[in-house]
Participant: 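This structure is in structure tokens; I'll ask about it shortly.
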Amino acid sequence: QVQLVESGGGLVQPGGSLRLSCAASGSIFRIDAMGWYRQAPGKQRELVAAIISGGSTNYADSVKGRFTISRNNAKNTVYLQMNSLKPEDTAVYYCNADGSLRSGGVFNSWGQGTQVTVSS
């Protein structure tokens, strides 16, 4: 199957920035989409940002203008640049990827999550 490894989380003050990365590995034939989700305590997991094969992106309204998702296709890696962070952004951030395997099957994989805490 496909494994995803996230990095870049941490503690930052309001107004600060963090850059998350997620690298996919395994028997990947093609990645169709990668995205970032987050889940705060007591809340449902929500989509933060996603990027598809053609390069188009979409963002949650709460992060538009502050977060930017990008990818490096050669490295099967997706990034989330987070600027102007707010306490409301505090959550565990999860990477997600879906696509096709070399075997002909499809996959939808999740990373282990990385904690982002925005606090003064």
Side-chain angles (χ1 to χ4, degrees):
Q1 288 80 28
V2 174
Q3 296 80 44
L4 304 179
V5 179
E6 302 119 324
S7 62
L11 174 64
V12 65
Q13 295 186 159
S17 298
L18 285 173
R19 184 175 177 85
L20 307 182
S21 64
C22 171
S25 62
S27 299
I28 300 168
F29 177 72
R30 182 183 68 249
I31 295 178
D32 296 318
M34 299 187 78
W36 291 94
Y37 292 71
R38 68 186 181 188
Q39 187 166 22
K43 300 182 67 177
Q44 297 184 68
R45 187 173 298 188
E46 64 175 345
L47 177 67
V48 177
I51 186 166
I52 63 175
S53 296
S56 63
T57 59
N58 65 82
Y59 298 90
D61 288 341
S62 59
V63 307
K64 286 181 179 177
R66 300 188 297 120
F67 291 10
T68 302
I69 189 169
S70 61
R71 66 186 180 186
N72 184 324
N73 291 334
K75 296 182 178 180
N76 288 330
T77 300
V78 65
Y79 307 91
L80 185 67
Q81 179 66 47
M82 304 186 294
N83 298 326
S84 302
L85 283 161
K86 305 175 181 180
E88 307 92 90
D89 297 317
T90 296
V92 177
Y93 284 69
Y94 297 91
C95 179
N96 174 259
D98 69 87
S100 302
L101 301 170
R102 294 288 183 181
S103 65
V106 298
F107 70 88
N108 186 300
S109 297
W110 292 87
Q112 77 283 359
T114 185
Q115 177 71 49
V116 172
T117 302
V118 185
S119 176
S120 60

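Remember, it's a predicted structure, so these values are computed and weren't measured experimentally.
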Participant: Give the cluster check for Ile31 versus Val78: same hydrophobic cluster or not, with ILVMFWY residues linked at side-chain heavy-atom distances below 4.5 Å.
Facilitator: yes
Participant: Charged N to carboxylate O below 4.0 Å: is that the case for Asp89 and Lys86?
Facilitator: no
Participant: Hey, could you give me the OG/CD distance between Ser62 and Glu88, rounded to the nearest 0.5 Å?
Facilitator: 9.0 Å
Participant: List the atom pairs, with distances to 0.1 Å, where a side-chain N or O of residues 99-108 and a protein N or O form a donor-acceptor pair under 3.5 Å, not counting sequence neighbours.
Facilitator:
residue: Ser100; atom: OG; partner: Arg30; partner atom: NH2; Å: 3.3
residue: Arg102; atom: NE; partner: Ile28; partner atom: O; Å: 3.1
residue: Asn108; atom: OD1; partner: Asn96; partner atom: ND2; Å: 2.7

Participant: Can you name the nearest heavy-atom pair linking Ser120 to Pro14, along with the distance?
Facilitator: N-CD, 3.6 Å
Participant: Looking at Arg66, Met82, Gln81, which hits side-chain contact (heavy atoms from CB on, under 4.5 Å) with Ser17?
Facilitator: Gln81
Participant: To the nearest 0.5 Å, tell me how far Asn72 CG sits from Tyr79 OH.
Facilitator: 5.0 Å
Participant: Is the shortest side-chain heavy-atom distance between Val116 and Leu20 below 4.5 Å?
Facilitator: yes
Participant: Looking at Leu47, Val48, Thr114, Val92, which one forms a side-chain contact (heavy atoms from CB on, under 4.5 Å) with Arg38?
Facilitator: Val48
Participant: Taking all atoms of both residues into account, what is the closest heavy-atom pair of Ser70 and Arg19, and its distance?
Facilitator: OG-NH2, 4.0 Å
Participant: Is there any disulfide bond (SG atoms under 2.5 Å apart) pair reaching into residues 37-79, and which pairs are they, with sequence neighbours excluded?
Facilitator: none
Participant: What side-chain donor-acceptor pairs closer than 3.5 Å can you find for residues 3-10, not counting sequence neighbours?
Facilitator:
residue: Gln3; atom: NE2; partner: Gln1; partner atom: O; Å: 3.2
residue: Glu6; atom: OE1; partner: Gln112; partner atom: N; Å: 2.9
residue: Glu6; atom: OE1; partner: Gln112; partner atom: NE2; Å: 3.4
residue: Glu6; atom: OE1; partner: Gly113; partner atom: N; Å: 2.7
residue: Glu6; atom: OE2; partner: Cys95; partner atom: N; Å: 2.6
residue: Glu6; atom: OE2; partner: Gly113; partner atom: N; Å: 3.3
residue: Ser7; atom: OG; partner: Ser21; partner atom: OG; Å: 2.7

Participant: Does Ile51 share a hydrophobic cluster with Tyr59, counting links as ILVMFWY side-chain heavy atoms below 4.5 Å and allowing steps through other members?
Facilitator: yes
Participant: Looking only at heavy atoms, what is the nearest atom pair of Gly55 and Arg71, with distance?
Facilitator: N-NH2, 3.3 Å
Participant: Determine whether a donor-acceptor pair (N or O, by modelled atom type, separation under 3.5 Å) exists between the side chain of Thr117 and the backbone of Thr90.
Facilitator: no
Participant: Given Phe67, which partner from the list Leu80, Leu18, Asn83 fulfils the side-chain contact (heavy atoms from CB on, under 4.5 Å) test?
Facilitator: Leu80
Participant: To the nearest 0.5 Å, what is the distance between CG (Leu85) and CG (Leu11)?
Facilitator: 11.0 Å
